[in-house]
Protein chains: 2
Amino acid sequence: MAAANRPGGAADKRRMILDAAVRVFARRGFNGCRVSDIADEAGVAYGLVYHYFRSKDEVLDTLFLERWNVLLDVIRELDGRDIAPRDKLYAISSFIVDSYRHDPELMKVIIVEVTRAANSFGRTHLDKIREAYDLIAAIVERAQDEGAFKDAVTPRFAAMAFYGAIEQVLTGWIFDERAPGEQEYEQAKVFVVETICGGLDRVPATA
Amino acid sequence: MAAANRPGGAADKRRMILDAAVRVFARRGFNGCRVSDIADEAGVAYGLVYHYFRSKDEVLDTLFLERWNVLLDVIRELDGRDIAPRDKLYAISSFIVDSYRHDPELMKVIIVEVTRAANSFGRTHLDKIREAYDLIAAIVERAQDEGAFKDAVTPRFAAMAFYGAIEQVLTGWIFDERAPGEQEYEQAKVFVVETICGGLDRVPATA
DNA sequence: CGCCAGATTGACCCATCAGTCAATCGCGGA
DNA sequence: TCCGCGATTGACTGATGGGTCAATCTGGCG
């Protein structure tokens, strides 16, 4: 494993395969590409993919878990901070939008190939995905207890609406040909929170 | 084509294939099933699928378009009515939730498989999907002009948040093993509108 | 220098499956 | 009764692609 620390060493090749997989999955879809496409894109022999990963599935698995765990950590860290609930939601929204800005292809793969894959893949990662909902729901619940949020809807539901809104925005970007501008990213962060927290109604409902 | 009107006639077989495809796609996923699975499920010979459809893709295509066009018609019809914007959104929310209640497997296929397919062969569907956004956005825009809705966010964005929230709720049901109860369906319809229109904040933002 | 372990290679195996097609069926009209 | 044509059948084909594996390379270590 000494090789792992040098450029061109083992860990690098593994990383190269993962990065190549992101590009290939994003371009052709998980089912639409061959393992050899990944190997070619990575500039590596076919068999090496199977040296580092048990299967094609495990490559996607790894990509998802790597990123999703970061998201969970961020939410957990935020949850601990002493800031307004609305700011917490803004921070989560920011993190996800910035994740897309930083690596749209990876987010595309996660959203299209994993999050929406009810069969095969989603099943494995359901708990991980639910964990994110639960953490967001917990933030909402505390906000309701503190009186910052109304309790017209359940925390779990609010969490879904919040996450759903974000994911839909990303999905819009994913299927757009043109890349979003910088100000669109910033606008999206604000709009998500503004919609979910502020609501569309001019006159607030009697709650 | 006279046979089309009798039970067991031509149109019936076509319908049986489509219905069978829904069940099979829902169970194994579009990529995870074989065309022979569809034929078997429909109680029909393999080749007949290709008598009625050019390809496996076209079967999925047809299922999506059939349902999505109904949705578009409903939204258009609603748009013309003289009711409060919030009620229009509630009606849309109701229609989609009821669609799921009525045929969860079909909605599962549309949400899960079509989105993924949009990558490869479903480019056509993107326009159809966008059409729904546009119609919802138009409702929001008019509401803003009339003063019923704030204009803190763009209509297009509000439409995405709204649709995203609904889709996420359905996705939650799809992933859940247990089927939702009747009251959950009704609650969901209300909660979507309550969240998007009413917002989570107790104190309305200064808009 | 020779050895070992892990890295790397890519040809090959073989199960899978979308799509084809020639043959048969059966209804409705003449 | 017979004919024609669309409906229906299912064996077959051809390609595809995930996964295996035996051979080769490399570089550190004694």
Side-chain angles (χ1 to χ4, degrees), chain A residues 1-25 27-63 109 113-114 117 119-121 124, chain B residues 1-25 27-63 109 113 116-117 119-122:
Chain A
M1 261 308 159
N5 301 322
R6 283 172 305 86
D12 283 319
K13 286 285 173 70
R14 195 187 129 95
R15 186 75 260 157
M16 283 166 74
I17 291 170
L18 284 171
D19 291 345
V22 168
R23 294 192 294 274
V24 172
F25 289 163
R27 199 182 313 134
R28 321 259 297 239
F30 178 78
N31 287 291
C33 77
R34 291 162 287 182
V35 173
S36 66
D37 291 333
I38 301 174
D40 290 351
E41 177 81 23
V44 138
Y46 185 91
L48 198 60
V49 175
Y50 287 91
H51 180 69
Y52 287 111
F53 304 94
R54 259 194 297 264
S55 66
K56 191 186 179 189
D57 288 9
E58 198 180 89
V59 176
L60 181 56
D61 258 28
T62 305
L63 288 172
V109 169
E113 305 295 340
V114 182
N119 309 291
S120 57
F121 263 106
T124 329
Chain B
M1 260 309 163
N5 300 324
R6 283 172 305 86
D12 282 320
K13 286 285 174 68
R14 195 187 129 96
R15 186 75 261 156
M16 282 167 73
I17 291 170
L18 284 171
D19 292 345
V22 169
R23 294 192 293 276
V24 171
F25 288 163
R27 199 183 311 135
R28 320 258 297 240
F30 179 77
N31 287 290
C33 77
R34 290 161 286 180
V35 173
S36 66
D37 292 333
I38 301 175
D40 291 350
E41 177 81 22
V44 137
Y46 185 90
L48 198 60
V49 174
Y50 286 91
H51 180 68
Y52 287 111
F53 304 95
R54 259 194 297 264
S55 66
K56 190 186 178 189
D57 290 7
E58 198 181 88
V59 176
L60 181 57
D61 259 27
T62 305
L63 288 172
V109 169
E113 304 299 336
R116 296 173 77 195
N119 238 350
S120 40
F121 65 88

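Numbers restart at 1 for each chain; the letters A, B, ... are given by sequence-line order, proteins then strands. Predicted, not measured: the structure shown is a model, and the values here were computed from it.
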* Structure fact -> When rounded to whole Å, the CD1 to C1' distance for the pair Ile38(A) and dG10(C) reads 16 Å
* Asked: Do Val59(A) and Tyr52(A) have side-chain heavy atoms sitting under 4.5 Å apart?
  -> no
* **Spacing between Phe30(B) atom CZ and dC17(C) atom P, to the nearest angstrom** => 13 Å
* **Glu58(B) CD - dG19(C) P separation (whole Å)** => 10 Å
* Asked: Between Asp37(A) and Arg34(A), is the closest basic N to carboxylate O distance under 4.0 Å?
  -> yes
* Measure the distance from CG on Asp40(B) to C1' on dG10(D) and round it to the nearest whole Å. => 11 Å
* Which nucleotide, dG19(D), dT8(C), dT9(C), lies nearest any side-chain atom of Tyr50(A)? -> dG19(D)
* **Residue Lys56(B), side-chain atoms from C-beta onward, closest of dA18(C), dT9(D), dG18(D)** => dA18(C)
* To do: Examine dA7(C): is either OP1 or OP2 under 4.0 Å from a nitrogen or oxygen in the side chain of Lys13(A)? Give yes or no.
  => no
* Structure fact -> Only residue of Val44(B), Leu48(B), Thr62(B) satisfying side-chain contact (heavy atoms from CB on, under 4.5 Å) with Arg14(B) is Thr62(B)
* Arg34(B) side-chain proximity, nearest of dG10(D), dT9(C), dC17(C) -> dC17(C)
* Within this structure, what is the CG-to-C1' distance between Asp57(A) and dG17(D), rounded to whole angstrom? -> 14 Å
* Could you check which of dA7(C), dA11(D), dT20(D) has an atom nearest any side-chain atom of Tyr46(B)? => dA11(D)
* Structure fact -> Whole-Å distance, Arg54(A) CZ to dG18(D) P, equals 18 Å
* **Position toward the 5' end of DNA chain D (nearest nucleotide), Ser36(A) or Gly47(A)** => Ser36(A)
* Asked: Out of dG19(D), dA7(D), dT8(C), which has the shortest distance to the side chain of Leu48(B)?
  -> dA7(D)
* Quickly work out the Phe53(A) CZ to dT20(D) C1' distance and round it to whole Å. => 18 Å
* Asked: Hey, is the side chain of His51(B) poking within less than 4.0 Å of OP1 or OP2 on dA7(D), counting only N and O atoms?
  -> yes
* From dT8(C), dA11(D), dG18(D), pick the nucleotide closest to the side chain of Tyr52(A)? -> dT8(C)
* State, with a plain yes or no, whether a side-chain heavy atom of Asn31(B) is found less than 4.5 Å away from one of Phe30(A). => no
* Residue pair His51(A) / Lys13(A), side-chain heavy-atom distance below 4.5 Å -> no
